[in-house]
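Step one of this worksheet: look at the structure below.
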Protein chains: 2
Amino acid sequence: MKFSKKSEYALRALIELTGQYGQPPLQRHEIAKRQQIPIEFLEQILLTLKNAGLLGSRRGVTGGYSLIKPPQDITLGQVIRILDGPLAPIGCVSKTAYQKCSDCPYSEKKNCPIQNAMLGVRNAIADILDNYKLSDFASGHCKRAHA
Amino acid sequence: MKFSKKSEYALRALIELTGQYGQPPLQRHEIAKRQQIPIEFLEQILLTLKNAGLLGSRRGVTGGYSLIKPPQDITLGQVIRILDGPLAPIGCVSKTAYQKCSDCPYSEKKNCPIQNAMLGVRNAIADILDNYKLSDFASGHCKRAHA
DNA sequence: TAAAACTTGACTAATTCAGTTTAGAATGAA
DNA sequence: TTCATTCTAAACTGAATTAGTCAAGTTTTA
Ligand code: FES
Ligand code: FES
């Protein structure tokens, strides 16, 4: 149940880019240095985020990466789904990538006890991550797990 | 962020064993057949659960596996931790297997925005799974993610 | 005693993870 | 124009994990 290093690095890089929002682009080597991320690996991650439509980039000597949308319009849920896939702990409760459990004997009858439990888990995770925005990073804001 | 097949099979096997609690042990081939799990793989899982103190077993012709504790004393959290390790999405928010983030620049100052967010996630997951008992499976009980 | 059942450990193929390498294309300063 | 700087794209790698499989036991009891 761990997030990959990619997701972690992505979030760390996005913290830097959030701080730079509205200013000139930030270069990969600057992000890598500040966050201690292997630069070539970071590159891969930034490209993925760019292709997913979160970042823009400019080449050449004054180039770099920058957020393409305001930080309050990007959620942690989006970022993590891009790099790690669906949030759900099991395919049959994913909203963004549902997959029927081929071998679960309760699958057909829609009364699977495991599905029941895991749906709660997936919703709890998504409720937090889909409401936590990049802008909340800057403010040190902390969403509560349960009121 | 997916659970492994091991955890899934373990829970499915435990549903069967919960139904059998207080009665003679259930044999692995019976569990495998009812839940459509490859028998040698199931064996591995049952052994792990046994070594973790959840199951007992008897050998020989009338043998099999059985729960060693009442179903209301075993939580999904316990089971999943045995097979998949800690529930936390990142080492620095795990209560059962804490690990410092060696390369996170905020790690020292205890003001890591990622840690903040992920602690919420880990607590939400643990709140559900550590309160969901095997006995809740039988009753079709569904813990709500958020009141 | 022999069949049925659990026990142990090693083995494997396929995939994923974390990262590296290589080659190329755009930008802008000299 | 030329050239260093920067991003782009893809293939490549070694280690670890996943999901099983296999073989050779030991224990129990009919
Ligand atoms: S239907 Fe998905 S685990 Fe049962
Ligand atoms: S301290 Fe763990 S991610 Fe920052």
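Note that the structure is a prediction, hence the values are computed from the model and not measured. Below, chains carry the letters A, B, ... as their sequence lines are ordered, and counting in each starts from 1.
- Distance I39(A) CD1 to dT5(D) P: 13 Å, rounded to the nearest Å.
- The side chain of V61(B) approaches dA4(C) more closely than any other nucleotide in the set dA4(C), dT8(D), dT8(C).
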Requested in this report: For E16(A) and R28(A), run salt bridge (Lys or Arg N to Asp or Glu O under 4.0 Å): C-alpha distance rounded to whole Å, both residues' side-chain angles, the deciding distance at 0.1 Å, then the answer.
Outcome: CA-CA 11 Å; E16(A) 296 296 332; R28(A) 53 177 198 163; over 6 Å; no

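- Using modelled atom types and a 3.5 Å distance limit, the side chains of T75(A) and K133(A) yield no donor-acceptor pair.
- Residue whose closest nucleotide on DNA chain D sits further toward the 5' end, between T62(B) and K6(B): K6(B).
- With hydrogens and angles ignored, the 3.5 Å screen pairs a side-chain donor or acceptor of S107(A) with a backbone N or O of C101(A).
- Looking at which nucleotide of DNA chain D each of E40(B) and G60(A) is closest to, the 5′-most match is held by G60(A).
- Taking atom CD on E8(A) and atom P on dA18(C), their separation rounds to 9 Å, with Å as the unit.
- Considering only side-chain atoms of Q27(B), the nucleotide from dC7(D), dA5(C), dT8(C) that sits closest is dA5(C).
- If you measure from atom CG of L47(A) to atom P of dA10(D), you get 9 Å, rounded to the nearest angstrom.
- Comparing dG20(D), dT8(D), dG19(C) by their closest approach to the side chain of Q44(B) singles out dG20(D).
- Distance E43(A) CD to dG19(C) P: 15 Å, rounded to the nearest Å.
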Report task. Could you walk me through whether D84(B) and E8(B) pass side-chain contact (heavy atoms from CB on, under 4.5 Å), step by step? Result -> CA-CA 10 Å; D84(B) 272 0; E8(B) 189 200 316; over 6 Å; no

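- For the side-chain hydrogen bond (donor to acceptor under 3.5 Å, both in side chains) criterion with Y65(B), the lone passing option out of E43(B), K50(B), R58(B) is E43(B).
- Look at K50(A) and you'll find a side-chain N or O under 4.0 angstrom from OP1 or OP2 of dT8(D).
- When rounded to the nearest whole Å, the span between CD1 of I45(A) and P of dC17(C) equals 12 Å.
- For the pair I37(A) CD1 and dT20(C) P, the computed distance is 13 Å after rounding to whole Å.
- Put simply, CZ on F41(B) is 14 Å from C1' on dA14(C), counting in whole angstrom units.
- Phosphate proximity of dT8(D) to S57(A): present, with a side-chain N or O under 4.0 Å from OP1 or OP2.
- Remark: Y9(B) is in phosphate contact with dG20(D), judged by side-chain N or O atoms under 4.0 Å from OP1 or OP2.
- Nearest-nucleotide positions on DNA chain C place K5(A) closer to the 5' end than the other of R58(A) and K5(A).
- A close approach under 4.0 Å does occur between a side-chain nitrogen or oxygen of R28(B) and OP1 or OP2 of dC6(C).
- As a whole-Å value, the separation of I90(B) CD1 from dA18(C) P is 11 Å.
- The side chain of S4(A) lies closest to dA18(C) when the candidates are dT7(C), dA18(C), dT6(D).
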